[in-house]
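Everything below concerns the one structure shown next.
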Protein chains: 2
Amino acid sequence: MSEAAIQTYTRADEAFDCLQTAIVKGDLVPGEKIGEVELCSRFNLTRGPLREALGRLESRGLLVRRPHAGVKVVSVSAEELMELYRIREIMEGLAARQAAERMTDEEIADLHATLDSHEKMIEQAQGQAYYQAEGDYDFHHRIATGSRNTKLAQMLLGDLYYMVRMYRYRLSTSSGRPHMALGEHRRIAEAIAQRDGELAEFLMKRHINAARRNIENKIQNGTLTI
Amino acid sequence: MSEAAIQTYTRADEAFDCLQTAIVKGDLVPGEKIGEVELCSRFNLTRGPLREALGRLESRGLLVRRPHAGVKVVSVSAEELMELYRIREIMEGLAARQAAERMTDEEIADLHATLDSHEKMIEQAQGQAYYQAEGDYDFHHRIATGSRNTKLAQMLLGDLYYMVRMYRYRLSTSSGRPHMALGEHRRIAEAIAQRDGELAEFLMKRHINAARRNIENKIQNGTLTI
DNA sequence: TGAGGCGGTATTGTCAACAATCCATCGACC
DNA sequence: GGTCGATGGATTGTTGACAATACCGCCTCA
């Protein structure tokens, strides 16, 4: 992870990170009401920084807070998860197109290197869903930042990815198609290397659409319960 | 404005609203460093709620905060404003498509009524840029909520629109093409009424693209300085 | 004369106590 | 017996004081 630009790490930042990962990893169960004092004791914080962090989390939609009535982790339905993927589809499509136009040659080389290491990871640790998921996240992360579109990257990295990752952990599935996903990633990277923005956008949208349909099928089959 | 779901209005909410409108209206100049105590005295608040509001604003990208070094309103370059419009283009396109599929007949009737009132406003108050801008905002607001896509609406209404409105105020231009914009709005509303999602998406994307190019031209001509 | 280090001051980050609000339980009344 | 209303307890919202940190001006030294 990159922690440039952060000089002093305040308690509020700490609280924010702790809570965010706790929510993403499922340590904080959705729907369950959580008291502030309990959170304080669990994460060794005082209520000031904690409340600030809660405010940020709320504004990112990871939890809801009713005045005087406590805070609870947001619970998202299957439909909302599908909506999330629809948003990802178009936003990451744009990111891929702009990345193809703007990434430096170095960044593209890094992107390919990343995919190589992902391939090794998949070969070595067959079925290690966790690492596959992180690898997938890594790939999309690079493209988002490579788009040089500040707001777009902010929305993807700050909002959408956390929600998607939350459901990855919860469903404990890295979409279950690592080889196929890797191949799709490779093709996207190639399109970016050839500076073909249009193709990169098309491939990225198809890639995310496929992931969405995969989850949708699993839910309908009953393989996955949300 | 709709204030349903808010039962008790906390100081932090008040602070958030005050600061947000102050930023949008340009009362708080971008780039200028601003102290917490000064903000407190200006808005009659204490530092606790204020800091909570600042955290929320920061996470929405309206201001940046460096530890121990103060807070300042974000200043966006012309390029970043254009990027903002690129994001709007795809996101509102999706919103329009989903709105066409999901809006109730009532909502569609309201949408048409809204446009009628806009038309009157334009005829009556020629060049009243402010009201035109608010009317435009109203239209897009309805479609965002009509998409029934919670996250999408949240991102549009919570993030993008405030930034766009901020620049509207600052540039004091409602895109300068009220009649044309109204016509485009009408066509989008018709497509939605006919439940033609694909067409609605296409028209909306073209609509926003036109607005973007309009601003771009003005900036290049020197008519508009950012 | 310019650069670099140093301390004072103002500002921000943090804390613990106080006040306001809601939820649940209990009792009374219909 | 069920429902409505009140009271106690717990939890959240708010406040002001305290501690930590960065900025700014000054002084020293090359």
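Note on naming: letters A, B, ... go to the chains in the order of the sequence lines (proteins, then strands), and numbering restarts at 1 for each one.
Between the P atom of D:dT12 and the CG atom of A:L63 lies a distance of 13 Å, rounded to the nearest Å. Remark: C1' of C:dT11 and CG of B:L54 are 13 Å apart, rounded to the nearest angstrom. B:N44 has its CG atom 15 Å from the C1' atom of D:dT15, to the nearest Å. Distance, B:D13 CG to D:dG13 C1': 11 Å, rounded to whole Å. Look at CD on A:E52: it is 10 Å from C1' on C:dT14, rounded to the nearest Å. Rounded to an integer number of Å, the gap from NE2 of B:H68 to P of D:dT21 is 6 Å. Atom CD of B:E58 is separated from atom C1' of C:dT12 by 13 Å (rounded to the nearest Å). Atom CZ of B:R65 is separated from atom C1' of C:dT14 by 13 Å (rounded to the nearest Å).
B:G48 comes within 4.0 angstrom of a base, heavy atoms only. Across all strands, B:L45 comes closer than 4.0 Å to no nucleic acid atom at all (heavy-atom distances). Residue A:I34 is in sugar-phosphate contact alone, with no base atom involved, counting any heavy-atom pair closer than 4.0 Å across all strands shown.
An OP1 or OP2 oxygen of D:dT11 is reached within less than 4.0 angstrom by no side-chain nitrogen or oxygen of A:R66. Within the 4.0 Å cut-off from OP1 or OP2 of C:dA20, not a single side-chain nitrogen or oxygen of B:R11 is found. Residue B:R51 places no side-chain N or O under 4.0 Å from the OP1 or OP2 atom of C:dT12.
The distance between the ring centers of A:H207 and A:H140 falls below 6.0 angstrom.
A donor-acceptor contact under 3.5 angstrom links the side-chain atoms of B:R47 to the base of C:dG13.
In this structure, of C:dT14, C:dT12, D:dT11, it is C:dT12 that holds the atom nearest to the side chain of B:E36. Of the candidate nucleotides D:dA22, C:dG13, D:dT15, D:dT15 has the atom nearest to the side chain of B:P49.
Under the 4.0 Å criterion applied to side-chain N and carboxylate O atoms, A:R51 and B:E52 are assigned as salt-bridge partners. One finds no salt bridge joining A:E89 and A:K205 here, because no Lys/Arg side-chain nitrogen approaches an Asp/Glu carboxylate oxygen to under 4.0 Å.
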- Task: In sequence, state the C-alpha distance, the side-chain angles, and the governing distance for B:Q98 and A:E83, and then conclude on side chain to side chain donor-acceptor pair (under 3.5 Å).
- Result: CA-CA 10 Å; B:Q98 296 193 322; A:E83 299 293 4; 3.0 Å; yes
